[in-house]
Novice: 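Could you have a look at this structure, given as structure tokens, before my questions?
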Protein chains: 2
Amino acid sequence: MRSTPTGPERSADDLTARARIRDAAVRRFATDGLAAPLRTIAADAGVSPGLILHHFGSRDGLRDECDQFVLDEMFRADDELLRDSGASTAAAWLAGLGQHSAMVGYMLRLLQHGGPVLTAFVDRMVAATVDYLEAGVADGSIRPSLAPRARARYIVESSLGALLLRMPAARDRLDLDALADVLQAYTEEVTVPTLELYTEGLLVDRSLLEAFAANLPGESPGTEPEQEGHHT
Amino acid sequence: MRSTPTGPERSADDLTARARIRDAAVRRFATDGLAAPLRTIAADAGVSPGLILHHFGSRDGLRDECDQFVLDEMFRADDELLRDSGASTAAAWLAGLGQHSAMVGYMLRLLQHGGPVLTAFVDRMVAATVDYLEAGVADGSIRPSLAPRARARYIVESSLGALLLRMPAARDRLDLDALADVLQAYTEEVTVPTLELYTEGLLVDRSLLEAFAANLPGESPGTEPEQEGHHT
DNA sequence: TAGGATGCTGAACGTGCGTTCAACACCGAC
DNA sequence: GTCGGTGTTGAACGCACGTTCAGCATCCTA
């Protein structure tokens with residue numbers, strides 16, 4: 001029931017009621033939060049509430065489909081952007097917004113809500129960042145780290161977390177039309193502090209770092225003896 | 001109805017049903033999320049559902065009281081810790097947890113939920129961080145910044161946001177008993193990446209920063225011509 | 001001892017939700 | 001032309017929730 005619409009050749013144009021429901025759901029979940037009523041989504045899609053459950057089985061079924069759809073689309077767009085531009089992951093991520101505001105909003109709701117889907121997403125971003133940083137270390141543009149994976153995770157979680165926290169006033173109801181501008185303004189505001197911190201650091205004295213580094217289990221920079229995963 | 005319990009001299013021992021309800025609510029909101037049913041809270045407090053509304057008027061009234069109570073307590077404890085130890089704000093913040101796990105959990109829920117209360121909290125933390133960094137710049141331990149307020153906000157939002165994002169697996173139901181250990185493990189894990197980043201930065205080349213700094217409106221480090229506030 | 005305020009109860013009401021279901025419309029196959 | 005299936009509807013069910021309310025208990029005051 002999931003993979004292919006039962007109608008003949010309908011899956012091509014992607015304008016089936018099923019797709020309309022899915023799109024309406026993504027948009028409504030983004031604006032109103034992941035607890036948005038199915039009746040509202042049905043009204044948005046111009047469809048009866050019963051049809052949603054006919055197609056997706058249950059509310060959770062619809063959520064699962066939205067999760068999968070948004071993540072797939074995001075990673076597809078992300079890969080394209082990453083292939084085309086040599087910019088940093090976060091910058092490339094925030095660049096291609098124009099059309100995808102509903103999906104970006106849905107991603108923010110996922111960040112807010114948590115759960116296994118988010119965990120998997122963060123892990124994937126961490127893995128990509130590890131590779132990206134490793135390449136930077138290799139070509140001499142990025143400093144090596146005592147704990148490359150922990151550093152990548154820290155950077156990813158800081159960036160995404162800060163992004164999520166910046167939406168507090170608008171979290172009750174996300175305005176998708178204004179989202180692109182808001183994110184643009186946000187990136188401009190954090191550019192200087194980020195570059196400052198990433199270029200010069202914050203502390204003048206190296207003693208704190210060296211004190212902690214001395215107590216570290218022997219790890220050569222660039223390799224990763226530390227085990228990753230969520231210790232939650 | 002808010003400020004003083006109507007009973008004579010009852011406010012001293014803080015063991016009134018009203019206080020028991022408030023404590024149970026904070027704990028239940030922390031574990032189950034801010035949408036936890038009033039009936040559950042009533043059962044936790046050993047009290048009938050009607051009594052909650054007798055004391056707090058409505059669900060929102062209870063939420064308001066919890067917000068105010070938790071924030072007051074947190075800032076009180078924070079001020080104490082900050083006065084005693086010279087440690088960084090984040091470190092001191094995460095140090096005194098033993099008893100206050102319910103309030104810390106409630107704060108995490110506030111971070112997750114957003115809203116004006118969270119905005120005010122973040123603003124207050126940013127202001128404190130501005131002062132802290134300014135003092136560090138003055139005594140030479142912290143590098144000056146082109147945009148001190150934006151830097152402080154970035155640091156606060158990164159730290160809090162990363163903290164929030166690290167709870168994803170447990171966000172459905174927070175285990176308050178394990179919270180202290182989880183946060184302890186988290187701080188240990190991020191200590192090295194944080195110190196590394198704060199001491200050495202990430203980028204080898206200064207050209208990116210200098211390119212952006214050149215386009216900046218003339219601002220002398222240490223002062224703040226940039227206007228603050230939320231552009232959301 | 002009477003009386004009234006205060007703390008508190010538990011049943012009940014109304015609402016909004018996810019979900020179920022019987023029925024209808026359309027459409028290609030025989 | 002009939003028939004089965006797929007897409008779709010909208011009314012209805014059951015449930016959980018916030019909230020209301022009439023009444024009871026307890027204790028201070030007079």
Novice: Rounding to a whole Å, what distance do you find between L51(B):CG and dA25(D):C1'?
Specialist: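 The answer, rounded to whole Å, is 14 Å.
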Novice: Starting from C1' on dC17(D), measure out to CD1 on I52(B) and report it in whole angstrom.
Specialist: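 It works out to 13 Å between those atoms.
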Novice: Does a side-chain N-to-carboxylate-O contact under 4.0 Å join R153(A) and D123(A)?
Specialist: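 Result for this pair is yes, salt bridge flagged.
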Novice: If you count the non-hydrogen atoms of other residues, nucleotides and ligands that lie under 6.0 Å from CZ in F212(A), is the total more than 12?
Specialist: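 Count not over threshold, so no.
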Novice: L38(B) near the nucleic acid: base, sugar-phosphate alone, or nothing, with a heavy-atom cut-off under 4.0 Å?
Specialist: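 It contacts sugar-phosphate atoms only.
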Novice: Tell me whether the OP1 or OP2 atom of dT19(D) has a side-chain N or O from H54(B) closer than 4.0 Å.
Specialist: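 Checking dT19(D) against H54(B), no side-chain N or O comes under 4.0 Å of OP1 or OP2.
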Novice: What integer distance in Å separates I41(B):CD1 from dT19(D):C1'?
Specialist: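 For the pair I41(B) CD1 and dT19(D) C1', the rounded distance is 15 Å.
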Novice: In whole Å, I'd like the distance from the CZ atom of R59(B) to the P atom of dT20(D).
Specialist: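 One finds 14 Å between P of dT20(D) and CZ of R59(B), rounded.
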Novice: Which of the following nucleotides, dA12(C), dC8(C), dT20(C), is nearest to the side chain of L53(A)?
Specialist: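 Nearest nucleotide to the side chain: dT20(C).
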Novice: Rounded to whole angstroms, how far apart are CG on D32(A) and C1' on dC17(C)?
Specialist: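 One finds 15 Å between C1' of dC17(C) and CG of D32(A), rounded.
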Novice: Of the options dT19(C), dC17(C), dT9(C), whose atoms approach the side-chain atoms of S58(A) most closely?
Specialist: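 Looking only at heavy atoms from C-beta outward on S58(A), the closest nucleotide is dT19(C).
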Novice: Grab the CZ-C1' distance between R20(A) and dG7(D) for me, whole Å please.
Specialist: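 Taking atom C1' of dG7(D) as the reference, CZ of R20(A) is at 11 Å.
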Novice: Tell me whether D175(A) at atom CG has more than 12 heavy atoms from other residues, nucleotides or ligands lying less than 6.0 Å away.
Specialist: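 Buried by this count: over 12 neighbours within 6.0 Å.
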Novice: Both P49(A) and P49(B) contact DNA chain C. Taking the nearest nucleotide for each, which residue is further toward the 5' end?
Specialist: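 Mapping each residue to its closest nucleotide by heavy atoms, the 5'-most match is P49(B).
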Novice: Closest nucleotide of DNA chain D for G46(A) versus for R39(A): which of these residues is on the 5' side?
Specialist: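 Of the two residues, G46(A) wins.
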Novice: Looking at D72(B) and R76(B), does any basic side-chain N land under 4.0 Å from a carboxylate oxygen?
Specialist: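 No, no charged N to carboxylate O under 4.0 Å.
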Novice: So, are D23(A) and R27(A) salt-bridged, with charged N and O less than 4.0 Å apart?
Specialist: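 Here D23(A) does not pair with R27(A) in a salt bridge, since their nearest N and O are not under 4.0 Å apart.
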Novice: Using whole Å, what does the distance between atom C1' of nucleotide dT9(D) and atom NE2 of H55(A) come to?
Specialist: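 In whole Å, dT9(D) C1' and H55(A) NE2 are 12 Å from each other.
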Novice: Whole angstrom is fine here: how far is it from CG in L62(B) over to P in dT19(D)?
Specialist: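 Nearest whole value for this atom pair: 10 Å.
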